[in-house]
Amino acid sequence: MKLSTSFTLLAAVIPFALAQSPEWGQCGGIGWTGATTCVAGTVCTVQNAYYSQCLPGSASSAPATTPSSPSGPTSTAPPAPSGTGLNALAKAAGKLYFGTATDNGELSDTAYTAILDNNKEFGQITPANSMKWDATEPTRGTFTFSGGDQIANLAKTNGQLLRGHNCVWYNQLPSWVSNGQFTTADLTTVIQNHCSTLVSHYKGQVYSWDVVNEPFNDDGTWRQDVFYNTLGTSYVSIALKAARAADPNAKLYINDYNIEQSGAKATAMLNLVKQLIADGVPIDGVGFQCHFIVGEVPGTFQTVLEQFTALGLEVAITELDIRTTTPASQSALAQQQKDYQTVVQACMNVEKCVGVTVWDFTDKYSWVPSTFSGQGAACPWDQNLVKKPAYNGIVAALTS
């Protein structure tokens, strides 16, 4: 009799427990179909109409659920954030976040982290390198998460969203992958195991994953790498399905550059996601890296964004920087201010563009000079962590 009673109570408790979002997990918003209650010690807090999050706090201080509607915004908008900062302005304008990439070696720079840790400035961070394949599975079946964990824990401490970057990419692969002589069955298992283990490790901590990164050449053809050469285009769906199974609540993205303008590469990406949707493969968003050159921001960017959101996907600017010849002239910095405003404004004009991430916020840690000879000065803060005119361009777009 007692055993039967215990099972009855357990059966009653399990659905309730399963229906709770973890700390920092999503718990509401337009289109959200997951859990709307939070684990003990956290409160479901409205960030904007599209996103509510389980934040640490007393359950008695706020309701545990957040109303959401698939047909329109919530009835009461959250109060505008106090103070200034790019993320505060972005959220006040209805976006989910304004964020930045960072890397582990930079986190010992206290002047840098004083800015990075300010969640009024940055409400989201992306690990630039420490979640990539060479960092997380250097030898087959042996996973290391220390670098990724450091940044994930920083995001949690700061109350910032985390974008996972990335699961499958042709670059920064350990040699056992890039030089592997795989059968189709073996490489399928390798991709499934890597994506599943990586995404599972950060389950409940990551808002979105760049599951597949840079699958196309600039002419719209498929990039020739170990994945495509062995599996053809199917590697994309293999990775996406593994990621969805590992964390059903994480948004799954394909991320690429030079898809911001109308042309062969943007068309190839559009056709890919249309096919994935038709085939029932999980795909939630497309990331536009936006590594631009001063004075050369594409005029069709907003139109391209809208082509993807018309399919029901969300989009995001994921790696924004705008480089120029160094040392940067005053006229170049003035044009860069206009260019940053133009790019961010395109996102502001598209409802399902959820946020903007700069590819680190300071020229001190930009990847550009080491990659493009004679180029740099690409970020909104300069080498000395001083805001450049570009910062004002971003503010202008966020407040327009």
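Starting from 1, each residue takes its place in the sequence as its number.
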Salt bridge (Lys or Arg N to Asp or Glu O under 4.0 Å) test vs D284 passes for just one of R244, K352, K251, namely R244
My understanding is that only residues two or more places apart in sequence, or in another chain, count here; which of them pass side chain to side chain donor-acceptor pair (under 3.5 Å) with D256? K265
Are D382 and K387 within salt-bridge range, i.e. N to O under 4.0 Å? no
Got more than 12 heavy atoms from elsewhere within 6.0 Å of CD, Q330? no
Donor-acceptor side-chain pairing of Q335 and Y340 below 3.5 angstrom: no
Can you get from M348 to V350 by hopping between Ile, Leu, Val, Met, Phe, Trp and Tyr side chains that sit under 4.5 Å apart? yes
I would like to know whether Y365 and Y112 meet ring-ring contact (aromatic ring centres under 6.0 Å, His included); could you show each step before the answer? CA-CA 10 Å; Y365 296 120; Y112 169 87; 5.1 Å; yes
For Q336, the side chain to side chain donor-acceptor pair (under 3.5 Å) test, sequence neighbours excluded, returns none
Check each of T113, N119, N153, D117 against N158 using the side-chain hydrogen bond (donor to acceptor under 3.5 Å, both in side chains) test, and report the only one that passes. D117
F122: what forms a ring pair (Phe, Tyr, Trp, His ring centres under 6.0 Å) with it, not counting sequence neighbours? F361, W381
Do we see a donor-acceptor contact under 3.5 Å between the side chains of Q124 and T126? yes
Ring-plane angle category for H194 and W133, please: parallel below 30°, perpendicular beyond 60°, tilted otherwise. parallel
Sequence neighbours left out, what passes salt bridge (Lys or Arg N to Asp or Glu O under 4.0 Å) with D149? Give chain and number order. none
What disulfide bond (SG atoms under 2.5 Å apart) pairs are there with at least one residue in residues 268-351, not counting sequence neighbours? C347-C353
Hydrophobic cluster membership, V226 vs L231, 4.5 Å side-chain cutoff: yes
Per side-chain hydrogen bond (donor to acceptor under 3.5 Å, both in side chains), N213 is matched among N171, T318, N255 by N255
Side chain of H201, backbone of F145: donor and acceptor closer than 3.5 Å? no
Quick one: side chains of residues 268-278, donor-acceptor pairs under 3.5 Å with protein atoms, not counting sequence neighbours, listed by atom name and distance.
{"from": "N271", "atom 1": "ND2", "to": "T267", "atom 2": "O", "distance (Å)": "3.3"}
{"from": "Q275", "atom 1": "NE2", "to": "D279", "atom 2": "OD1", "distance (Å)": "3.0"}
{"from": "Q275", "atom 1": "NE2", "to": "D279", "atom 2": "OD2", "distance (Å)": "3.2"}

Measuring from atom CG of L173 to atom CD of E137, what distance do you get when rounded to the nearest 0.5 angstrom? 10.5 Å
Pair Q302, Q345 - check side chain to side chain donor-acceptor pair (under 3.5 Å), show working. CA-CA 9 Å; Q302 182 178 329; Q345 189 65 58; over 6 Å; no
